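Structure first, commentary second.
For clarity, every value in this text was computed on a predicted model and none was experimentally measured. Just follow the structure's listing: the first ligand is 1, and inside any ligand the first atom is 1.
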Amino acid sequence: MPHRTVTPGPAALTHDPWLSHSVRIERLVEEMPGVATYDLVFDDPATAAAYTYQPGQFNMLYLPGVGEAAISISGDPGEPGHIPHTVREAGNVTHALAELKIGASLGLRGPFGSAWPVDVCIGGDVLLVAGGIGLAPLRPVIYALLRNRDQYGDITLLYGARSPEGLLYADEYTDWRSKGLDFQTTVDRGTAGWKGNVGVVTELLNRMSLPRPEQTWLMSCGPEVMMWYTIQAALARELSREQIYVSLERNMNCAVGLCGHCQFGPEFVCLDGPVFRYDRVESMMKVHDL
Ligand SMILES: Cc1cc2nc3c(=O)[nH]c(=O)nc-3n(C[C@H](O)[C@H](O)[C@H](O)COP(=O)(O)OP(=O)(O)OC[C@H]3O[C@@H](n4cnc5c(N)ncnc54)[C@H](O)[C@@H]3O)c2cc1C
């Protein structure tokens with residue numbers, strides 16, 4: 001199959017990007033200390049009916065009197081009626097969010113940003129590599145790929161966390177595997193009772209067979225150092241730069257390319273990203289702390 005070099009560009013905005021919609025917390029799951037998943041539903045049925053998103057996109061969550069934070073959508077794009085966000089407590093907004101209970105209201109504007117290339121890799125093998133909370137923006141890809149499982153070759157997820165307790169969405173693993181996901185986990189530090197892999201996620205990548213590198217697409221999200229080593233391992237296994245996609249985070253304010261907070265070289269993470277094809281950001285990723 002020939003390489004396709006289409007990069008999914010920034011999604012066209014079909015909504016007023018400044019308008020924050022009222023949403024409610026419908027369900028709340030504490031994933032681990034300091035990290036929770038909030039399923040949000042719109043108060044307005046018409047807004048709920050019109051809202052769709054693509055895997056990899058994010059919303060700006062707004063807590064009146066506190067501020068806004070960019071948070072990836074971690075749900076199933078085929079079921080946009082309730083919109084999960086997996087959030088790690090970091091600062092003002094996320095700490096305030098952590099105080100809220102089921103039924104509480106907040107604001108949401110979005111969706112924003114570019115998408116993972118789930119259509120580009122139809123017919124090929126897909127390799128997902130995630131670290132820690134970086135699985136959240138990739139979970140919509142898992143749902144989308146498994147919904148159309150017959151359109152893809154091998155689908156593999158390599159997922160690393162610091163400890164077994166840091167592995168997100170553990171109650172879904174059996175279901176994902178039963179639907180055709182080759183799924184391997186690893187942790188930096190095992191605990192008593194952990195019988196799985198110990199080590200960094202790139203070790204899993206180095207060990208796995210990649211029978212069709214020219215038809216394999218890599219999507220990776222996690223700490224930048226993890227993505228960097230993942231990319232080097234993939235390049236060594238003969239994936240081209242055009243077959244590698246990463247999701248980048250930068251401090252974000254407006255989400256519509258005006259404020260410049262998330263500028264990354266010539267790119268705005270909010271408009272051109274957060275999902276980038278690697279050849280577009282390689283030179284910037286080499287610059288430490290850019
Ligand atoms: C596209 C995108 C998607 C994201 N998705 C998620 C997600 O799914 N779950 C999640 O928990 N977080 C996510 N984040 C990160 C989240 O937006 C930040 O942690 C945000 O700052 C939290 O807001 P706050 O008010 O709680 O913390 P703040 O008070 O804004 O920040 C706390 C500290 O983190 C620093 N900081 C802020 N943003 C970043 C950043 N992007 N990278 C490094 N340091 C930063 C600040 O300078 C400050 O020191 C995402 C960010 C982006 C850009």
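Closest protein heavy atom to atom 40 (C) of ligand 1: N251 N, 3.8 Å. Residue, atom and distance of the protein heavy atom nearest to atom 1 (C) of ligand 1 are F58 CD2, 3.7 Å. Nearest protein neighbour of atom 12 (N) of ligand 1, counting heavy atoms only, is I71 CD1, 3.7 Å. Given atom 26 (O) of ligand 1, the protein heavy atom at minimum distance is T94 OG1, 2.4 Å.
In the displayed structure, R88 atom CZ is contacted under 6.0 Å by at most 12 heavy atoms of other residues, nucleotides or ligands. Other residues, nucleotides and ligands place no more than 12 heavy atoms under 6.0 Å from the OH atom of Y229. By the 6.0 Å contact criterion, NE2 on H95 is enclosed, its count of non-hydrogen atoms from other residues, nucleotides or ligands being greater than 12. The number of heavy atoms from other shown groups lying within 6.0 Å of CZ (R27) does not exceed 12.
For atom 4 (C) of ligand 1, a protein non-hydrogen atom is found at a distance below 4.0 Å. Distance check on atom 50 (C) of ligand 1: some protein heavy atom falls below the 4.0 Å cut-off. For atom 47 (O) of ligand 1, the nearest protein heavy atom lies under 4.0 Å away. For atom 33 (C) of ligand 1, the nearest protein heavy atom is 4.0 Å or more away. Inside a 4.0 Å radius of atom 29 (O) of ligand 1 there is at least one protein heavy atom.
Listed by atom number, the atoms of ligand 1 under 4.0 Å from A69 heavy atoms are 22 (C), 23 (O). Listed by number with element, the atoms of ligand 1 under 4.0 angstrom from any heavy atom of A90 are 19 (O), 32 (C). Below 4.0 Å from some heavy atom of R88 lie the following atoms of ligand 1, by number and element: 10 (C), 11 (O).
Taking only non-hydrogen atoms, the option from G56, G91, P84 nearest to atom 31 (O) of ligand 1 is G91. The closest non-hydrogen atom to atom 13 (C) of ligand 1, taken over A70, S72, A255, comes from A70. Distances from atom 7 (C) of ligand 1 to the heavy atoms of T86, N59, V87, N253 show the closest one on T86. Distances from atom 24 (P) of ligand 1 to the heavy atoms of L135, V275, V93 show the closest one on V93. Between atom 42 (N) of ligand 1 and the options E249, H261, E89, the minimum heavy-atom separation is to E249. Nearest to atom 53 (C) of ligand 1 by heavy atom, out of Q57, R139, R250, is R250.
In this structure, the separation between CD on Q243 and CG on L127 is 11.0 Å, given to the nearest 0.5 Å.
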>> Using the rule given for side chain to side chain contact (heavy atoms under 4.5 Å, CB included), can you reason through I133 versus E31, listing the C-alpha separation, both sets of side-chain angles and the distance that settles it, and then say yes or no?
In response: CA-CA 10 Å; I133 195 173; E31 306 283 355; over 6 Å; no
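Under the 3.5 Å distance criterion, with hydrogens and angles disregarded, a donor-acceptor pair is assigned to the side chains of T86 and T37.
Heavy atoms only, all atoms of each residue included: L97 and Y38 are closest at O-OH, 3.6 Å. Among all heavy-atom pairs drawn from C121 and M219, the shortest one is SG-CE, 3.7 Å. Residues V275 and S114 share a closest heavy-atom pair of O-OG, 2.7 Å.
N59 pairs in a side chain to side chain donor-acceptor pair (under 3.5 Å) with only one of the listed residues (E68, H85, R109), which is H85.
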